[in-house]
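Quick caveat: nothing in here was measured; it's all calculated off a predicted structure. Reminder, nothing fancy here: chain letters follow the sequence lines and each chain counts from 1.
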Amino acid sequence: MKGNEALAEAAIQAGCRHFFGYPITPQTELAAYMSKRMPKIGGTYLQAESEIAAINMVLGAASAGVRAMTSSSSPGISLKGEGISYIAGSDLPALIINVQRGGPGLGGIQPSQADYWQATKALGHGDFQILVFAPSTVQEMVDLVSDAFDLADTYRMPAMILADGMLGQMMEPVEIRSNEHKKPIEKPWATTGHQNKRVHNVVNSLYLQPKDLERLVRERFARYEVIKQKEQRAEEYLTEDADLVLVAYGASSRVARSAVNKAREQGFKVGLVRPITLWPFPTDVLQKNAKTAKGFLCVEMSMGQMVDDVRLAVNGAVPVDFYGRTGGMIPSPAEILTKMKEILGGAQ
Amino acid sequence: MAIVFDRPHALTEVPFHYCPGCTHGIVHRLVAEVLDELGVEGRTVGVAPVGCAVMNYDYFSCDMVEAPHGRAPAVATGLKRALPENVIFTYQGDGDLAAIGTAETVHAATRGENITVIFINNAIYGMTGGQMAPTSLPGQVTQTTPYGRDVNTAGYPVRVCELLSTLDGVALAQRVAVDCVKNVVTAKKAIKKAFQNQIDGKGFSIVEVLSTCPTNWGLTPAEAMQWLRDNMMPYYPLGVYKDSVKGARIRGEE
Amino acid sequence: MAKSKDLNMLLAGFGGQGVLFAGKVIAYGGLMDNKEISWLPSYGPEMRGGTANCSICISDEPIGSPLVLTPNVFVAMNLPSFDRFINDVEPGGIVVVDSTLINKKVERTDVQAFYIPASRLAEENGLKGGANIILIGKLFRECGFCSREALDKAIEKCVPVHKAHLMGNNKKALEIGMSYEG
């Protein structure tokens with residue numbers, strides 16, 4: 001199954017019946033899959049007039065308490081930024097998928113990881129965070145879609161799957177399990193009509209009194225602290241005795257893993273930390289590795305964005321280097337190997 | 001003693017914040033009366049705009065969602081698709097509906113989205129302090145057209161009902177005013193029809209209400225009503241622009 | 001089962017030649033043998049007539065990078081692709097060439113090259129558009145990227161239901177490729 005299609009089916013299996021999209025390469029198969037499946041299961045597939053409309057349809061459906069999602073690629077995600085800010089400010093759960101491509105502007109359509117800053121720090125205006133998951137295989141995309149919906153509901157906030165053109169377009173074997181047996185999380189706040197049984201619910205992000213808005217934002221940030229403590233996820237690969245620890249997520253982590261294997265064959269003690277959650281960023285595992293490793297090498301398909309968070313986590317304990325390709329270029333294991341050797345000084 | 005005039009149930013007890021002479025209050029009341037008369041408040045979800053009516057989620061007793069600027073029809077679409085049995089309406093001003101939200105308006109209409117849209121056209125941006133609206137009249141002086149709206153540089157006003165009446169998905173497009181008792185009665189009938197259409201699954205229904213903004217027009221409430229009659233009504237004639245089930249989408253029927 | 005060599009394969013040709021489909025059949029072949037596999041297409045604005053290629057990895061271990069930059073198996077389906085990728089092939093690798101469309105020999109001596117006039121054979125046997133499958137047959141003969149049983153299952157899996165009538169043709173094309181010596 002193609003990554004994009006696997007994402008779509010996983011969302012359906014997670015109980016999502018409301019998809020609102022707008023065509024853009026390289027996520028198109030996801031929407032096409034939804035347009036085929038949704039009508040057959042009584043769900044909604046709606047091709048909106050724009051990414052802006054699509055994310056606001058998600059806002060509306062999420063207000064009604066259903067699992068709603070949209071998907072797009074980098075330029076489209078910029079347009080969704082407004083709606084995502086409102087969704088976060090209204091404490092609504094929703095799933096947004098970004099199958100990243102090269103930027104800025106129209107950029108290109110080849111795989112990229114240049115939206116890390118946008119996803120983790122600046123998706124819209126205001127003080128807020130969203131959950132950001134970074135799968136590296138088609139199977140993991142499937143598993144994370146389900147988790148993203150669950151955590152979004154639990155913490156009442158938007159969640160994003162930050163994939164890229166490579167993961168979206170590739171095929172790998174995948175097992176999709178239904179999660180629909182899970183007990184849905186109660187949403188007493190949903191605007192479903194009060195049926196004359198309760199006072200009216202209001203989904204809103206406007207607070208004209210600064211003290212009210214500050215209190216609300218502080219409450220939200222208290223929730224973020226809980227998430228930072230409980231939801232950090234990362235995979236460690238051969239880090240135990242590693243002198244140099246690579247840090248990479250998504251597509252670039254696969255290349256990094258190949259590079260680590262090659263380096264190990266040549267006797268270099270290197271390992272890999274692969275962040276699975278980008279927000280919350282897996283600071284703990286990096287801090288642990290900073291005690292044993294002599295240095296880090298962050299590998300990204302960008303000019304270096306996640307490396308900022310790696311440096312913050314490592315906090316000067318050991319040097320943090322960076323290697324990246326951008327614009328749709330994918331680094332090769334050989335390039336990374338060369339960079340590793342340069343850092344390690346060729347010493348075995 | 002018999003009560004002959006009371007607050008509609010669909011309005012909360014929160015006092016309106018609107019300026020003296022503003023017609024939002026009348027239109028809020030008409031919407032609330034219609035919700036009461038149709039007995040649908042309990043299954044209604046309203047969508048508030050950005051503009052003067054942004055806080056109408058405090059005034060309507062039904063469930064409410066506050067939308068980003070211009071996006072109310074998209075938010076309403078999401079709600080309606082998730083809650084097809086509920087009654088979903090938007091309440092939007094001219095900047096919201098006919099400038100920043102034009103695409104959302106036109107496409108919700110052409111999809112025949114089974115929702116009700118209440119459109120307040122007062123030819124100005126009220127909340128931000130009186131800037132030119134897409135519906136400001138040629139020559140109209142506003143904060144951002146200090147020499148009068150020059151159609152050579154600022155273009156012409158948008159006639160929303162006329163525009164939407166060309167779309168197959170629209171069940172009702174009607175322009176009304178609330179400047180006198182007779183017109184208020186007509187306006188209420190139109191609003192009721194716009195909701196009844198939704199209940200009957202007839203598709204997108206919009207009622208455009210010509211409204212006043214005495215504060216930003218720099219007029220007294222009475223002068224503002226007269227200005228509306230003298231200037232807006234000729235440019236935006238009252239009437240039914242579309243009333244048809246043709247092209248409307250009834251859920252579950254082919 | 002003994003650990004087999006990782007296969008990092010690149011198939012390249014024109015859009016419309018069935019490059020991606022051929023890649024899918026190979027990937028499914030690996031899958032049917034319970035291997036780890038990945039299939040990654042190039043994608044671009046052109047749907048037909050432009051260049052198309054895809055990377056397939058088959059391994060006993062989880063696949064690292066699914067993007068094949070230095071293939072150890074290269075199937076060239078047109079001249080521009082041949083020219084573009086021939087020097088990227090790993091020493092010791094296998095190259096399969098559609099000699100109907102590529103009027104060139106592999107100059108490198110450190111790779112094993114096989115030539116098959118797949119397009120002509122397809123034409124002669126009334127298998128329009130079947131050159132891609134003939135090439136797979138040839139590739140199977142030379143490097144056995146999966147078991148025979150798995151390959152048959154893969155073909156059945158990849159031919160969509162609405163094209164089931166083409167199943168016979170696909171199997172015939174496979175046989176032609178497999179029995180071609182050269």
Side-chain angles (χ1 to χ4, degrees), chain A residues 16-20 22 38 42-70 80-87 89-90 92 94 124-125 189-208, chain B residues 9-12 14 17 35 39-48 50 54-88 90 100-111 113 115 251-252:
Chain A
C16 175
R17 290 292 178 277
H18 294 84
F19 176 90
F20 305 94
Y22 186 83
M38 282 300 193
T44 293
Y45 162 83
L46 202 160
Q47 183 169 320
E49 57 272 26
S50 67
E51 280 97 348
I52 298 170
I55 191 69
N56 282 288
M57 290 171 188
V58 168
L59 190 161
S63 302
V66 302
R67 285 192 161 178
M69 70 179 287
T70 185
K80 290 184 196 294
E82 175 200 49
I84 294 169
S85 171
Y86 278 74
I87 291 171
S90 304
L92 293 172
H125 60 281
W189 46 262
T191 53
T192 51
H194 57 56
Q195 313 298 341
N196 304 311
K197 286 176 187 154
R198 54 165 169 78
V199 293
H200 73 160
N201 280 342
V202 174
V203 168
N204 175 38
S205 62
L206 177 69
Y207 295 87
L208 288 176
Chain B
H9 190 271
L11 284 182
T12 65
V14 179
H17 69 280
L35 294 180
V40 294
E41 181 200 319
R43 61 185 176 104
T44 297
V45 185
V47 183
V50 170
V54 65
M55 285 185 296
N56 71 18
Y57 52 76
D58 281 339
Y59 308 142
F60 289 112
S61 315
C62 55
D63 280 1
M64 294 293 295
V65 178
E66 198 277 302
H69 199 19
R71 318 297 175 218
V75 171
T77 297
L79 280 161
K80 189 69 183 183
R81 298 300 180 110
L83 304 167
E85 303 307 318
N86 286 53
V87 173
I88 311 293
T90 72
I100 193 168
T102 312
E104 284 79 3
T105 304
V106 168
H107 285 272
T110 202
R111 282 194 303 270
E113 211 61 60
I115 59 173
R251 215 181 168 85

Engineer: By a 4.5 Å heavy-atom criterion (distance strictly below it), what part of B:Thr12 contacts chain A: side chain, backbone, both, or neither?
Structural biologist: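 The answer is the side chain of B:Thr12.
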
Engineer: Using non-hydrogen atoms and a 4.5 Å limit, figure out which bit of A:Ala62 sits close to chain B: side chain, backbone, both or neither.
Structural biologist: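 When you check distances to chain B, no heavy atom of A:Ala62 falls under 4.5 Å.
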
Engineer: Identify which of B:Thr77, B:Val106, B:Val65, B:Val87 forms the greatest number of heavy-atom pairs closer than 4.5 Å to chain A.
Structural biologist: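 Heavy-atom pairs under 4.5 Å are most numerous for B:Val65.
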
Engineer: Heavy-atom distance under 4.5 Å to chain A: side chain of B:Ala76, backbone, both or neither?
Structural biologist: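 For B:Ala76, neither part sits under 4.5 Å from chain A.
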
Engineer: Taking side chain as everything from C-beta outward and backbone as N, CA, C, O, which of these in A:Glu82 sits under 4.5 Å from a heavy atom of chain B? Side chain, backbone, both or neither.
Structural biologist: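 The answer is the side chain of A:Glu82.
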
Engineer: Please rank A:Asn196, A:Ile52, A:Thr192 by heavy-atom pairs under 4.5 Å with chain B and give me the top one.
Structural biologist: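 The answer is A:Thr192.
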
Engineer: If you apply the rule side-chain contact (heavy atoms from CB on, under 4.5 Å), what do you find for A:Arg198 with B:Asp63, and how did you get there?
Structural biologist: CA-CA 10 Å; A:Arg198 54 165 169 78; B:Asp63 280 1; 2.8 Å; yes

Engineer: Quick check for you: to the nearest 0.5 Å, what is the distance between A:Gln47 atom CD and B:Arg111 atom CZ?
Structural biologist: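 Between atom CD of A:Gln47 and atom CZ of B:Arg111 there are 10.5 Å.
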
Engineer: What is the distance from atom CG of A:Leu206 to atom CG of B:Asp58, rounded to the nearest 0.5 Å?
Structural biologist: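 CG of B:Asp58 is found 9.0 Å from CG of A:Leu206.
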
Engineer: Measure A:Ala53 against the heavy atoms of chain B and call it side chain, backbone, both or neither at under 4.5 Å.
Structural biologist: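 Both parts, heavy atoms under 4.5 Å.
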
Engineer: Can you give me the closest heavy-atom contact between A:Ser63 and B:Leu79, atom names plus distance?
Structural biologist: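 Closest heavy-atom pair between A:Ser63 and B:Leu79: CB-CD2, 4.1 Å.
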
Engineer: A:Leu208, A:Leu46, A:Leu59: which one forms the most heavy-atom pairs within less than 4.5 Å of chain B?
Structural biologist: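 Maximum pair count with chain B is reached by A:Leu46.
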
Engineer: Can you measure from CD (B:Glu66) to OG (A:Ser90) and round to the nearest 0.5 angstrom?
Structural biologist: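 It comes to 7.0 Å.
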
Engineer: If you take all heavy atoms of B:Ala82 and A:Val66, which pair is closest and at what distance?
Structural biologist: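 In terms of heavy atoms, the two residues are closest at CB-CG2, 3.8 Å.
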
Engineer: Grab the two heavy atoms, one from B:Arg81 and one from A:His18, that are nearest each other, plus how far apart they are.
Structural biologist: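 Closest pair (atom of B:Arg81, atom of A:His18, distance): O-NE2, 3.2 Å.
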
Engineer: I'd like to know whether NE2 of A:His194 has more than 12 heavy-atom contacts from other residues, nucleotides or ligands below 6.0 angstrom.
Structural biologist: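 Enclosed: over 12 neighbouring heavy atoms sit under 6.0 Å from NE2 of A:His194.
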
Engineer: Nearest 0.5 Å please: distance from the OG1 atom of B:Thr44 over to the NE2 atom of A:His200.
Structural biologist: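 Output value for this atom pair is 13.0 Å.
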
Engineer: Among A:Val58, A:Val203, A:Asn56, A:Ile55, find the residue that satisfies the side chain to side chain contact (heavy atoms under 4.5 Å, CB included) test when tested with B:Val75.
Structural biologist: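 The option that passes is A:Asn56.
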
Engineer: First locate atom CG of B:Asn86, then atom OG1 of A:Thr191, and finally report the distance between them rounded to the nearest 0.5 Å.
Structural biologist: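 With rounding to 0.5 Å, CG (B:Asn86) is 8.5 Å from OG1 (A:Thr191).
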
